[in-house]
Amino acid sequence: MPGKPDTFRTEWATFAVCACILAAVLIYENQREFTSVKTREEERLAAVASVGEYMVVTQLEKIDATLDKLRDALPPPILTQRLRDRSDALSTAARLKILATAMTSVRSLDIIDSSGAILASNFDEHVGQNTAEQEYFTTPRDRPDDDVLYISSPFNSSLSDLNVNITKCLTAPDGSFAGLVTASLDPEFFRAIMAAVLYAPNSWARLVHGAGTVLLWVPAREGMVGKNLAIPGTFFTRHLESGLTSSLFEGKSYAANEESLLILQTVQSPTLKLSPPLVLGVGRDTRAVFQYWRNNVRVSIALFATVFLAGAAALFGSQRWRRKTRLHSERMGIELQSVRTELESFFSISPNMLIITDLQGVCLKLNPAWERAMGYPSGELEGRQCIEYFHPDDMQAAFDTLADIAAGRTVSDFVARFRNKNGSYRFLEWSAASHGGLVYAAAHDITGRREAERHLHELAYHDRLTGLPNRTLFFDRLSQALSGAKRNQKPLGILFIDLDGFKKVNDEHGHDAGDTVLKTVAERLVETVRATDTVARMGGDEFVIILHELEGRDGANAVARKILAAVTPDIPLSETLTCSVGSSIGISLYPEHGADMDSLLMAADMAMYLSKKKGRGGFAFAGEARQPETGVTLSETHVVGVTEIDQQHAEMAALVNKLCATQRDGDNLVGETLFKVLLAYTEYHFATELGLMLQHGYPDRKAHDAEHERLVLELRRFGPEMGDKDVQFLRDFFRTWLLEHILEHDKALAAFLRGLQTSAEAGT
């Protein structure tokens, strides 16, 4: 009966249990939210660190390739002999200036002999200076290794207050140290790429020398650059001692002097051998990271205190009055109802979606957060089977999870798609447990986080303009397709597509119109092929298609005709303006034209050039219309009329014919040497043309220079596979590679130069 001591004790015990359950729910929810915030922040930092590492490695690989190119072009002792000759030194300096101008990540390029004297540089004032006492000279001199890319500590120089040099050794024929080639980094460029990956105003990034010296800190903080982090107990020292490539730390940062969440990533690349390594750090002030969570904790504490005190006061008052008279029993019921109302109020105002179901998943009660987040009023789902609202692909996982909960197991971090009132699906992260034959669950919408993860994946593997797979994803899919074709003994086709007339669209209507053309062509290509095939953009106006399980040449022939028909129709640029482009297609087939990626791509590329030569707007298979073995011959049509350029063309043709002759005789060693000479002479020729274009203001310089870069890249890619090709294939490759370039680009440049000379003579 009301008023008895046993009843009072039971009521206080019940109240205490309710308070404990409420406290447990609040603690659990806040702890789960804390873990979620921390995990999300760690994932962001890891993603930013990976992107930052990729960008730094990309620049180091470019610098490494440039230093290798300089080292190969001027091997000792030719280095000292040529650079002590004034004309050769000036030519080399001009080349270094061109390379330094083209590389935004470096400030200077220097060539230094074994005594430390600078023989050539893109800065004239550097020539003659002695660097024998500089760390970037003494370290490779004392520990020479041709494969190592040496990274110096920061030091003051005439270029800036902070200078970091990237260096590679020059080795004499007898294996002794002969000097080095070195590039000084542009700190502003690396600050810019590191600033680009920061995602919050209170986040920061730093690049640290392997010896512990801070090279860069973004955003800039006074006193950070040059600071030594190689102190026992610092995050930097603990990361190096761990031997891991990536380490996560939380606590007070020695460098930043603040409570931080920090990712340390050792910069590494399978193609680089750095000495010492670089360590990229990305961090964020933990006070800012957990500020929103702390506010929620304060709200939860205030709510709990309010409910607890109100309930305790109501119960105490009720019992006090019931001691005086039984008539107060009704008042006690009213007070208890007040407590229930307070608890219900908490259930209603919780920001998370709370739901109570039976063990079969039938909804019994949910809070108003469901209507705010998912659009369902509380009465609409009550009495319904919740599993019906999960995405069909996630239903089985939801059934299995419900069975685990019914078996007494607690579930957390279960992610599945749940149907919104508007018909769309949202990613919800669930935590649930069973008690007393009921399931208590909380759901949190993480769709935004999933979208951010998907966006990062898109940036890494897809072309930003067209949305097609980029080079990275293309090569991955081609590797898988080749493995499947070899395993299933099914033919595979590669279609290399180059747009005809695209340059004219850019010139006449601007680059925005060019972008519209590229996106439209990409959509048409995707619509033309099967869903199982891959369409990728390789750059510029070049596309590549992988055709799986092809029905031989007939199948490739049919697809190529469909593509030609799909690309040709007019493309609207505005309401009143249209344009049209065509396409030239080169086709290679596995295993007919090659058994590896490089061979198939090279064959398709050669076939595309053959298609253009036959007449634009068509296609050709690899190996068609092979030329007789007459070598690479320069006819009258290939004479451009500029003596210096014609002489260099003749020298290149002679080198090509010598190279083909050595391959025919089976002298691979001499062939490799001749190929390196041809590559170096080609770069020298292109540097000569670039100098003329810069000197005379050639209007089409950028396009012409871009073609030079493509040809050098194609030649480098072709080099490792040269020994596997027959002589006829070599002649076909070099004939297309050299003669087509002369006709399509060099004749136009020469006509421009002759026109300038004629105008000058007329003026005199």
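Between I585 and S611, the closest side-chain pair of non-hydrogen atoms is not below 4.5 Å. Residues L60 and L278 are in side-chain contact: their nearest non-hydrogen atoms beyond the backbone lie under 4.5 Å apart. Residues L499 and V521 meet the side-chain proximity criterion, which asks for heavy atoms closer than 4.5 Å. A heavy-atom distance below 4.5 Å is found between the side chains of V218 and L198. Put simply, the side chain of V106 reaches to within 4.5 Å of the side chain of I63, judged on heavy atoms. You'll find the side chain of M608 reaches within 4.5 Å of the side chain of D605, heavy atoms only. Considering only heavy atoms from C-beta on, R537 comes within 4.5 Å of L465 through its side chain. Counting only heavy atoms from C-beta outward, the side chains of D705 and F686 never approach each other to under 4.5 Å.
Listed here is the closest heavy atom pair of G552 and L589: C-CD1, 4.4 Å. Shortest non-hydrogen contact noted between F543 and A522 is CE2-CB, 4.3 Å. Residues E683 and R95 share a closest heavy-atom pair of OE1-NH2, 3.3 Å. For L96 against L109, the heavy-atom pair with the smallest separation is CD1-O, 3.7 Å. Scanning both residues, L185 and P187, for their nearest heavy atoms gives O-CD, 3.2 Å. Between T532 and H548, the closest heavy-atom pair is O-CD2, 3.0 Å.
A donor-acceptor contact shorter than 3.5 Å links the side chain of N122 to the backbone of R107. Side-chain N or O atoms of N557 include none that pairs as donor or acceptor with a backbone N or O of A560 at under 3.5 Å. Looking only at distances, no side-chain donor or acceptor of S580 sits under 3.5 Å from a matching main-chain atom of D570. Proximity of a side-chain donor or acceptor of R191 to a complementary backbone N or O of M194 within less than 3.5 Å is not detected. Checking side-chain atoms of T568 against main-chain N and O of L564 turns up a donor-acceptor pair under 3.5 Å. Using a distance-only test at 3.5 Å, with no hydrogens or angles considered, a donor-acceptor pair links the side chain of R524 to the main chain of V567. Looking at S105, its side chain never comes within 3.5 Å of a backbone N or O of Q59 through a donor-acceptor pair. Between the side chain of E53 and the main chain of Q268, a donor-acceptor pair closer than 3.5 Å is present.
T271 and E61 share a donor-acceptor pair across their side chains, judged by distance under 3.5 Å alone. Side-chain polar atoms of H704 and D746 form a donor-acceptor pair below 3.5 angstrom. Side-chain N/O atoms of D646 and T643 include no donor and acceptor closer than 3.5 Å. Between the side chains of S584 and D498, no donor-acceptor pair is found at a separation under 3.5 Å.
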Intermediate values then yes/no, side-chain contact (heavy atoms from CB on, under 4.5 Å), H462 and L473: CA-CA 7 Å; H462 289 80; L473 184 55; 3.8 Å; yes

Candidate pair L495 and I563, rule side-chain contact (heavy atoms from CB on, under 4.5 Å), full reasoning: CA-CA 10 Å; L495 273 62; I563 290 173; 3.6 Å; yes

side-chain contact (heavy atoms from CB on, under 4.5 Å) assessment of V581 paired with D500: CA-CA 6 Å; V581 294; D500 300 330; over 6 Å; no

Candidate pair Y590 and L550, rule side-chain contact (heavy atoms from CB on, under 4.5 Å), full reasoning: CA-CA 9 Å; Y590 167 85; L550 194 63; over 6 Å; no

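Looking at T528, V559, V535 one by one, the single match for side-chain contact (heavy atoms from CB on, under 4.5 Å) with I545 turns out to be V535.
Distance CZ/R530 to OG1/T534: 10.5 Å, rounded to 0.5 Å. The OG1 atom of T466 lies 3.5 Å from the CG atom of L468; values are rounded to the nearest 0.5 Å. One finds the CD1 atom of I645 at 10.0 Å from the CD1 atom of I742 (value rounded to the nearest 0.5 Å). Atoms CE and CZ, from M538 and R471 in turn, are 4.0 Å apart once rounded to the nearest 0.5 Å. Taking CD of Q647 as the start and OG1 of T688 as the end, the distance is 11.0 Å to the nearest 0.5 Å. Distance check: I98 CD1 to L694 CG gives 6.0 Å after rounding to the nearest 0.5 Å.
Note on K168 versus D147: no salt bridge recorded, every NZ/NE/NH1/NH2 to OD/OE distance being 4.0 Å or above. At a threshold of 4.0 Å, the pair R71-D68 counts as salt-bridged, since one of the basic side-chain nitrogens sits closer than that to a carboxylate oxygen.
Checked against the 6.0 Å centroid criterion, the rings of H741 and Y609 do not qualify as a close aromatic pair. In this structure, the ring of H708 has its center no less than 6.0 angstrom from the ring center of H745.
In the displayed structure, E744 atom CD is contacted under 6.0 Å by more than 12 heavy atoms of other residues, nucleotides or ligands. Heavy atoms of other residues, nucleotides or ligands lying less than 6.0 angstrom from NZ of K747 number more than 12. Within a 6.0 Å sphere centred on NZ of K69, heavy atoms belonging to other residues, nucleotides or ligands number more than 12. Annotation: Y54, atom OH; neighbour count of heavy atoms from other residues, nucleotides and ligands within 6.0 Å does not exceed 12.
Note that R561 lies outside the cation-pi zone of F619, set by a 6.0 Å cut-off to the ring centre and a 45° limit from the axis.
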Please output the side-chain donor-acceptor pairs of residues 476-488 that fall under 3.5 Å, not counting sequence neighbours, one pair per line with the distance.
from: D476; atom 1: OD2; to: Q480; atom 2: NE2; distance (Å): 2.9
from: S483; atom 1: OG; to: S479; atom 2: O; distance (Å): 3.0
from: K486; atom 1: NZ; to: A595; atom 2: O; distance (Å): 3.1
from: N488; atom 1: ND2; to: G484; atom 2: O; distance (Å): 3.2

For a quick test of your reading: what N or O donor-acceptor pairs under 3.5 Å do the side chains of residues 501-518 make, sequence neighbours left out?
from: K503; atom 1: NZ; to: D507; atom 2: OD2; distance (Å): 2.9
from: T516; atom 1: OG1; to: D512; atom 2: O; distance (Å): 3.1

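Ring planes of Y684 and Y681: tilted class, angle from 30 to 60°.
Within the structure, every pair that satisfies the ring pair (Phe, Tyr, Trp, His ring centres under 6.0 Å) test and touches residues 640-659, not counting sequence neighbours, is listed here: H649-H685.
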